[in-house]
Amino acid sequence: MHSEFDLIDRWFKPSARRADVELGIGDDAALLRVPDGQRLVVTVDTLVAGVHFPLETDAFSVGHKALAVNLSDLAAMGADPAWVTLALTLPQADEDWLGGFARGFLELAESNGVSLVGGDTTRGPLSVTVQAMGFVPAGFALRRDGAKPGDAICVTGTLGDAGLGLAWVQGRRTLDEGIGWELAARLDRPTPRVGAGLALRGIAAAAIDVSDGLAADLGHVLQASGVGASIDVDSLPLSEALRAQPDARELALSSGDDYELLFTAAPEHEQEALARVQAQGLRCTVIGRVEAEAGLRLVDAEGHPYAPPASSGYDHFQESD
């Protein structure tokens with residue numbers, strides 16, 4: 001039987017330590033230095049087995065995703081990641097599972113220059129809570145409330161892949177096995193767009209990460225900014241696998257877990273914003289415009305209204321009919 005401290009020492013204490021960490025894992029709390037002229041950006045997410053990830057998800061992917069979704073929130077604020085804390089609830093101390101989880105978590109942390117500085121472990125149903133902290137220069141944070149009429153609405157990468165991947169994993173879609181595993185990786189091991197968020201500082205008007213689906217997350221920006229928008233559903237960036245699906249547009253609009261960045265940019269900054277994101281090696285697509293009239297309007301390439309089927313709201317854990 002392993003104690004809480006044995007688990008911490010074996011799997012999590014060896015994490016890389018930044019120079020701005022005065023005191024990290026091993027005490028009652030961490031001591032951290034915030035640079036002058038910077039604002040501290042803090043976010044927290046909890047992932048619960050069977051709710052936020054399928055029970056059969058491998059441990060490495062659970063560790064990766066638990067950190068990735070928090071780094072994605074920092075990216076959406078234009079923040080440079082610095083520190084994380086981890087609270088891990090486990091049904092039992094499974095050495096193999098813990099080893100895989102720690103590798104997935106710490107490899108992503110190291111690749112983003114992040115230090116694990118504290119946390120907690122306890123016994124119970126499997127869940128993971130991560131708090132991530134980062135810096136942004138004063139006055140340069142990307143927020144949801146900055147969109148203005150006329151702004152271009154842009155999105156990185158492609159949409160709907162994670163939702164299609166989960167549908168394949170759950171046996172609700174039939175795909176070529178190679179394509180299926182590729183899409184499942186988009187679900188289990190998302191890439192937080194940290195570089196794009198940093199590149200958009202001082203040029204994007206508003207931003208959010210696509211975690212709950214494009215339409216839902218864009219709705220948060222519109223509400224916070226007091227504006228509306230029109231989206232061209234034929235311009236939504238789709239992978240080849242998604243284009244082959246009869247409901248490709250519905251998946252792109254409503255399925256979550258892609259963790260791409262959605263942002264708006266004023267017309268005079270539009271091309272520079274696109275170029276900055278593309279310089280990160282990412283696809284970036286203009287999909288619509290912010291408008292003064294409240295509400296979200298969907299149209300096709302010819303300007304005709306597009307009404308998705310009433311049942312098109314995509315639920316990752318909805319049972320198939």
Taking [X] first and then [Y], would you say they form a salt bridge - that is, a charged N and a carboxylate O separated by under 4.0 Å?
{"X": "D188", "Y": "K65", "value": "no"}
{"X": "E182", "Y": "R186", "value": "no"}
{"X": "E270", "Y": "R289", "value": "yes"}
{"X": "R201", "Y": "D80", "value": "no"}
{"X": "R249", "Y": "D300", "value": "no"}

Report task. Of all the heavy-atom pairs spanning L67 and A109, show the shortest one and how long it is. Result ->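 Looks like CD2-N, 3.4 Å.
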Within the side chain of [X], is there an N or O that forms a donor-acceptor pair under 3.5 Å with the backbone of [Y]?
{"X": "D217", "Y": "S211", "result": "yes"}
{"X": "R243", "Y": "A248", "result": "no"}
{"X": "R123", "Y": "L90", "result": "no"}
{"X": "T89", "Y": "G124", "result": "no"}

Is [X] atom [atom1] crowded by more than 12 heavy atoms from other residues, nucleotides or ligands, each under 6.0 Å away?
{"X": "F135", "atom1": "CZ", "result": "yes"}
{"X": "E177", "atom1": "CD", "result": "no"}
{"X": "Q223", "atom1": "CD", "result": "no"}

Query raised in the report: So do L183 and I179 actually touch side chain to side chain, heavy atoms under 4.5 Å?
Result: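 They are in side-chain contact.
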Query - Of D257, D161, D58, the residue whose pairing with R189 passes salt bridge (charged side-chain N to carboxylate O under 4.0 Å, His left out) - result: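 Among D257, D161, D58, the one meeting salt bridge (charged side-chain N to carboxylate O under 4.0 Å, His left out) with R189 is D58.
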